Amino acid sequence: MIADVVFDVPLAHPLSYAVPAGLAVERGQRVSATLSGRARTGMVVAVREGEANGLLPIDRVVDASPILSATGLELGRWVADESLSSWGSTMLSLLPPAPRRTEPVAPAPVSHPGQVKMPELWIAAARHRRLDQELRKDGSALVVAPDTEAAARWAARLEAARLDSGVPPAERRAAWFAAARGRARIAVGTRSALLVPLPPPATLVLLDEHDAVHKPPGPPRLHSRDVLARRAALEHSRLLLLSATPSVESWWRAGAGQLERPDPEPGPWPRIVTADTRGILRNHPLTLPLTRTIEATARARRSTALIVPRSAPALVCGECGHVPRCPDCGVTQATARAERLLRCRLCVRTEPMPDRCPTCGGHRLAPFGWDAERVEASVRRRFPKLDVSRSDPRAAVLIGPPALLRSCPPGSLGAVGIVALDAVLSAPDFRAGERAFALLWAAAEAVVPSGRVIAQTLHPDHYAIAAVRGQSRQEFYEPELAFRAELGYPPFRRLCLVSVRGATEAQGRRLIAECASALAGVPDLMVYPAVARAAGAACWQFAIKGPAELPRLLAGPLRPFLERRRRQGGMVEVEMDPV
DNA sequence: AGCACGCCGACT
DNA sequence: GTCGGCGTGCTC
């Protein structure tokens, strides 16, 4: 017998090994075998009859039985193809750590009866309560949470097994096999749980579908939403995507009839107030309305959360709030202060940094930003008697990044202040509006209906704010989709980022030019000019816009670069659907 | 002739 | 990713 094995190496094809007599090896099982003279862990993707002469033998099995079903293998293959990565490195990065000694375990389920079910988008305020009720019924379920804290909360709430890295490896492994053999009906995890086999009929759940944490940098370079959608289609599982503010992609798919989306009636809603930061934010992070809200909320014995978004190095006019944007791409231009330049991150376009605001003629153009530490110090000075904290959820004033709202249950806060909404709105990213919309909506849900959300901004008329104020999603998605369509952004076109790191600037330049010329002649691609990521740097990148089958179009031309283009010290990375 | 280094292909 | 082969070029 011969086993075909894939490893965590950038190899396009599996390698064949002899299966020793007496060793039982199946597809989906991890094994140890010699690769380049060393023992390495690989995944068996096929077992077949054949002459094993000249082949090295499998040394031992790592899992006593398959850790993946046939669907899991197929899904891993699809993820690898979609993300231009190797099958082996993709799959091994999606599995729990290997045990030190082989433990006996039950085999994974194989067959998936039933038929394809339409995925569902749950956006209502009661979506979490409804999920709780839904999962108390029969059937297996996988809940994918945005982080380990959320996974812990949901595991406790649903009395489920935990598959995420927040629990010790042995417990994680046990949970994997408990879920696979049906001993644990519900499994909760993060991205690393996406391939866990479940006995049918299964329900797959993605919490906070819109959140960028579902596609972190690095392999496997694919959004959890897309992996689960593919999985649900392959194994006929039910797919529930939960988010009050779905990604623009999912909203569009719902409109196109590819997702079911029950639209809830508007419910009780807090006031959404904007506070003008003109001339204030430079010296102090709190406007008068926000200061008064903190006082009033503290008097009412409730907490105020102050959200401090990570500031982006964009140029903002302190007079009128104007933020320079690239005329071609519509994204905010980033400042390169040393060179006194404004640069678009997508295209090659650079402009000298203006001395005066092109809109109002004001002189106070500056890149600015407040971080949580500065805000905390400032708030303590202003409110010496209040309990101010960056970690204690019961503090009168709670300060943290946007992710802080994930851990605040609905109605648990008296008020939320977005210290610098403009840091989100003016980020050099076409998803800036979507992020601002999601942040404001999450703030509104976390606040009691009698409370308020204060958004400090120079853009009080932005449609994201108006949509949240009116509790009207349509008011956001409609103009947003129009903007995406006009400039050819997702969901209408797909993006890909190719970046290289050379030993020298000239080498980086040469390598990125080789990548670009490898793509010349591929139809239906828009390849942007390469840009250096820092002044005089050896790091270069370019963006590509293309159709839905973009990974298939790029795989052939870019393969030589991805497989063995580390020579000359040059390193090529390809990121599909960058977030 | 002998050895260090780096590039490059192979890895079953 | 990691290894080893082999060519280059320097040294003894």
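A note on names: the letters A, B, ... follow the listed sequences, proteins ahead of strands, and every chain is numbered from 1. Just so it is clear, the model here is predicted, and its values are computed rather than measured.
By the 30° and 60° cut-offs, the orientation of the rings of A/Phe492 relative to A/Trp252 is perpendicular.
Checked against A/Glu82 for a salt bridge (charged side-chain N to carboxylate O under 4.0 Å, His left out), the options A/Lys215, A/Arg77, A/Arg552 give a single hit: A/Arg552.
Summarising the geometry, the separation between CZ on A/Phe7 and C1' on B/dA10 is reported as 14 Å, rounded to the nearest angstrom. The CG atom of A/Leu15 sits 13 Å away from the P atom of B/dA10 (whole-angstrom rounding). As rounded to whole Å, 15 Å separates atom P of B/dT12 from atom CG of A/Asn53. Computed from coordinates, the A/Glu573 CD to C/dG1 C1' distance equals 14 Å when rounded to whole Å. Rounded to whole angstrom, the span from the CE atom of A/Met43 across to the P atom of C/dG1 amounts to 20 Å. As a whole-Å value, the separation of A/Asp59 CG from B/dT12 P is 12 Å.
If you check residues 32-40 of chain A against DNA chain B, the residues with a heavy atom closer than 4.0 Å are A/Thr34, A/Ser36, listed by number.
Residue-level contact check: A/Leu11 touches the bases, meaning some heavy atom is under 4.0 Å from a base atom.
Aromatic ring centres of A/Tyr528 and A/Phe542: separated by at least 6.0 Å.
Both tests pass for A/Arg157 against the ring of A/Trp154: distance under 6.0 Å to the centre and angle within 45° of the axis.
The shortest heavy-atom contact between A/Val574 and A/Cys496 is CG1-SG, 3.5 Å.
Taking the charged nitrogens against the carboxylate oxygens, A/Arg238 and A/Glu120 do have a contact shorter than 4.0 Å, which makes a salt bridge.
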